[in-house]
Amino acid sequence: MTDLDASGKHYWLRAVALFGAVYLVVGVAFPNPAVANRVQFIWRLAAWLTCAVAFAIHIALEAFRFQSSPRRTALHAAMSVALGAFGLAVAANIHALTSGTGNQRLLAFALVIWPIITAAPAFVVALAVAAVLARVRPNYVD
């Protein structure tokens, strides 16, 4: 690992937090119109594309700049996705508490389930992409 960050060896932790925050902001800030129509579809597509671009940038950052192994790249990418999902679950719980709506028991369960059901497929996808990238840059450090 080359010295890419003078402030310490936990360079990846800032990346996980940054991309987790991106997923949270996209989930909270992008509007979700109440009526299922073309406008709702466009906003949801924009949110998905924004998150996909962030995910790809995170994988590329880990693989090329941080020179992480495919496994470590996938783990860090999945951690940021899980962090974003946890943040969205927290936001959903806060919204339900302040508005007096929602099933509190299910929303409390979401604090555990949302990170798991988002991080697992994110890990698999990131591992596959990082393994391909490792062939392009075979000298990774674990």
Side-chain angles (χ1 to χ4, degrees), residues 1-34 36-99 101-142:
M1 168 72 198
T2 59
D3 186 22
L4 297 170
D5 185 1
S7 64
K9 62 182 182 179
H10 297 294
Y11 54 89
W12 60 270
L13 196 53
R14 275 196 292 269
V16 167
L18 172 69
F19 287 101
V22 168
Y23 301 134
L24 173 61
V25 168
V26 168
V28 171
F30 274 56
N32 186 13
N37 60 16
R38 185 168 169 74
V39 173
Q40 184 188 48
F41 172 78
I42 290 170
W43 276 113
R44 287 192 179 182
L45 181 62
W48 274 80
L49 289 175
T50 302
C51 289
V53 167
F55 190 66
I57 290 170
H58 191 181
I59 291 170
L61 180 72
E62 288 279 343
F64 293 116
R65 177 139 187 231
F66 300 155
Q67 297 183 348
S68 299
S69 68
R71 182 183 53 78
R72 187 168 291 182
T73 296
L75 179 64
H76 294 168
M79 286 171 64
S80 66
V81 169
L83 183 61
F86 179 76
L88 286 172
V90 169
N93 274 275
I94 291 170
H95 174 73
L97 287 172
T98 58
S99 66
T101 61
N103 183 329
Q104 283 307 121
R105 188 173 296 161
L106 287 177
L107 285 170
F109 191 55
L111 293 167
V112 175
I113 292 300
W114 289 5
I116 293 169
I117 65 173
T118 57
F123 181 85
V124 171
V125 170
L127 184 62
V129 171
V132 170
L133 293 177
R135 290 186 171 270
V136 173
R137 184 204 44 82
N139 299 327
Y140 63 82
V141 176
D142 195 15

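The structure displayed is predicted, hence computed values, not measured ones.
- The minimum heavy-atom distance linking Phe123 with Arg71 is given by the pair CE1-O, 4.0 Å.
- Side-chain atoms of Ser68 and Glu62 form a donor-acceptor pair, as typed in the model, at a separation below 3.5 Å.
- Note that CZ of Phe66 is 7.0 Å distant from OH of Tyr11, once rounded to the nearest 0.5 Å.
- Leu61 and Ala15 make their closest contact through CD2-CB, 4.1 Å (heavy atoms, listed as atom of the first residue, atom of the second, distance).
- Taking the six-membered ring where tryptophan is involved, the planes of Tyr23 and Phe19 are tilted, since the angle between them lies from 30° to 60°.
- Distance check, rounded to the nearest 0.5 Å: CZ of Arg72 to CE of Met79 gives 11.0 Å.
- If you take CG on Leu49 and CD1 on Ile42, they are separated by 11.5 Å, rounding to the nearest 0.5 Å.
- The heavy-atom pair separating Ala126 from Ala77 by the smallest distance is CB-CB, 3.9 Å.
- Within a 6.0 Å sphere centred on CZ of Phe41, other residues, nucleotides and ligands contribute 12 heavy atoms or fewer.
- Annotation: the span from Asn93 atom CG to Thr98 atom OG1 amounts to 10.5 Å, rounded to 0.5 Å.
- Atom CG of residue Leu97 and atom NE2 of residue His95 lie 10.5 Å apart, to the nearest 0.5 angstrom.
- Between Leu133 and Ala63, the shortest heavy-atom distance links the atoms CD1-CB, 4.0 Å.
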Does Phe55 form a side chain to side chain contact (heavy atoms under 4.5 Å, CB included) with Val125? I'd like the steps, not just the answer. CA-CA 10 Å; Phe55 190 66; Val125 170; 3.9 Å; yes
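- Between His76 and Val16, the shortest heavy-atom distance links the atoms O-CG2, 3.5 Å.
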Evaluate side chain to side chain contact (heavy atoms under 4.5 Å, CB included) for Gln40 paired with Asn37, printing each intermediate quantity in order. CA-CA 5 Å; Gln40 184 188 48; Asn37 60 16; 4.0 Å; yes
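- Taking every heavy atom of both residues into account, Pro70 and Ala131 meet most closely at CB-N, 3.9 Å.
- Rounding to the nearest 0.5 Å places OG of Ser80 at 10.0 Å from CG of Leu75.
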